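To keep things clear, I will list the structure first and then write my remarks on it.
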Amino acid sequence: MLNKFKICDLLGIEYPIIQGGMAWLGTCELVSAVSNAGGLGTIGSGDAPTEWLRQQIRQTRERTDRPFAVNIMMMSPFLAENMKLVAEEKVGIVTFGGGNPGQYLAGLKEAGIKVIPVVSSVALARRLERLGADAVVAEGVESGGHVGETTTMALVPQVAGSLKVPVIAAGGIADGRGLVAALALGADGVQMGTRFICSEECIAHTRFKQHILEAGDRATVVTGVSTGHPVRCLQNKLTYQFATLEKAGATTAELEELGRGRLSLGVMQGEIEEGSLMAGQIAGLITDIKPVKVIIRDIMAEAEKVINDMAGHRKG
Ligand SMILES: Cc1cc2nc3c(=O)[nH]c(=O)nc-3n(C[C@H](O)[C@H](O)[C@H](O)COP(=O)(O)O)c2cc1C
């Protein structure tokens, strides 16, 4: 029943499931596993140097011959070089996080690259569709990492109702129920981050994965609103220090200094109190570490069952 998705035709994938680009964690291991399992894997370039990204693209190609994407952060110090690289390497699909990539769309389209920006408002979604975006990811405030203000539940139907191009829902989705809910809201597919961290293939530190497994529904917090770049993470000593400084009126420079280097400390080195543990509110729903293939298979099977059960409710 669940087998005809226009997003799958657009991206050349089997299932309407995208692994969101994640700084440090969206590496060739996870990306190729997701693409090989029929979803779309995404390399997370974050603020890594362009040469790192080139190697990741090449290593991903060694591990899969299926489509994958590269995520580029608008705040990256290597933004201009990364833009050149994706054209040089003939990457098929580019997604953008952390800002408005409008000025780059025409160039990427000319190079034959499909462009999928991540948006948190209808206005930006509309503007980027006009500029040629092939699809958008509508990402709600439940998400891990950089966030907007509107919930997935409210944002997705408003974006879907305003655009002609496909809309991918992100933020707070980790199982088949989430996929069906997103489709019901008008989305064409889903993007997940936190669920894929708890996969066998993700290179995240075991202590970080374990922390997600132990998280409850209120385990995350958003900090950094005063800097204009709010971020959702699991609460720990660092988020407490950050929030305290923010309340005391610290400058953006002081807050950036506190945050420097913390993401790799948390997610790669497993420093659970001192590091930044970006993760979404759906962490509370995740209780196991599974191979990517099983994650995707279980989501599709559960979605199918949920739809059948709903049809049953109607008859009853
Ligand atoms: C550890 C982590 C790092 C992330 N890094 C990026 C990034 O570099 N670029 C980006 O566009 N989104 C980034 N995201 C957001 C994800 O791509 C995805 O949209 C989000 O996790 C979806 O919400 P979920 O966590 O509720 O599934 C990150 C998320 C996490 C958890």
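Read the numbers this way: they start at 1 and go in the same order the structure lists the ligands and their atoms. Only a predicted model underlies this, so the values are computations on that prediction, with no experimental measurement involved.
A salt bridge links Asp288 with Arg195: at least one charged nitrogen is closer than 4.0 Å to a carboxylate oxygen. At a threshold of 4.0 Å, the pair Glu142-Arg232 does not count as salt-bridged, since none of the basic side-chain nitrogens sits closer than that to a carboxylate oxygen. Of the charged side-chain nitrogens involved, at least one lies within less than 4.0 Å of a carboxylate oxygen, so that Arg54 and Glu88 count as a salt-bridged pair. Looking at Arg260 and Glu257, a side-chain N of the basic residue comes within less than 4.0 Å of a carboxylate O on the acidic one, giving a salt bridge. In summary, Arg126 and Glu129 do not engage in a salt bridge, as defined by a charged side-chain N under 4.0 Å from a carboxylate O.
Checking only distances, Gly144 does come within under 3.5 Å of ligand 1, N or O to N or O. For the pair Ile197 and ligand 1, the shortest N or O to N or O distance does not fall below 3.5 Å. In terms of polar-atom proximity, defined here as any N/O pair under 3.5 Å, Arg195 makes no such contact with ligand 1. Between Leu25 and ligand 1, no N or O atom pair is found at a separation short of 3.5 Å. The shortest N or O to N or O distance between Gly21 and ligand 1 is under 3.5 Å.
The closest approach between any non-hydrogen atom of Gly44 and ligand 1 is not below 4.0 Å. Using a non-hydrogen distance threshold of 4.0 Å, Val267 does not register as a contact of ligand 1.
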Which pairs of donor and acceptor atoms, one on a side chain in residues 204-212, lie under 3.5 Å apart (sequence neighbours left out)?
unit_1: His205; atom_1: ND1; unit_2: Arg207; atom_2: N; d: 2.9
unit_1: Arg207; atom_1: NE; unit_2: Gly270; atom_2: O; d: 2.8
unit_1: Arg207; atom_1: NH2; unit_2: Gln269; atom_2: O; d: 3.3
unit_1: Arg207; atom_1: NH2; unit_2: Gly270; atom_2: O; d: 3.3
unit_1: Lys209; atom_1: NZ; unit_2: Ser199; atom_2: O; d: 2.8
unit_1: Lys209; atom_1: NZ; unit_2: Cys202; atom_2: O; d: 2.7
unit_1: Gln210; atom_1: NE2; unit_2: Glu214; atom_2: OE2; d: 3.1

Ignoring hydrogens and angles, write down the donor-acceptor pairs under 3.5 Å from the side chains of residues 167-175, residues two or more places apart or on other chains.
unit_1: Asp175; atom_1: OD1; unit_2: Arg177; atom_2: N; d: 3.1
unit_1: Asp175; atom_1: OD1; unit_2: Gly178; atom_2: N; d: 3.0
unit_1: Asp175; atom_1: OD2; unit_2: Arg177; atom_2: NE; d: 3.0
unit_1: Asp175; atom_1: OD2; unit_2: Arg177; atom_2: NH2; d: 2.8

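In this structure, of Gly280, Gly172, Gly266, the residue bringing a heavy atom nearest to atom 26 (O) of ligand 1 is Gly172.
Within ligand 1, counting atoms from 1 as listed, the ones closer than 4.0 Å to a heavy atom of Ala23 are 3 (C), 4 (C), 5 (N), 6 (C), 7 (C), 8 (O).
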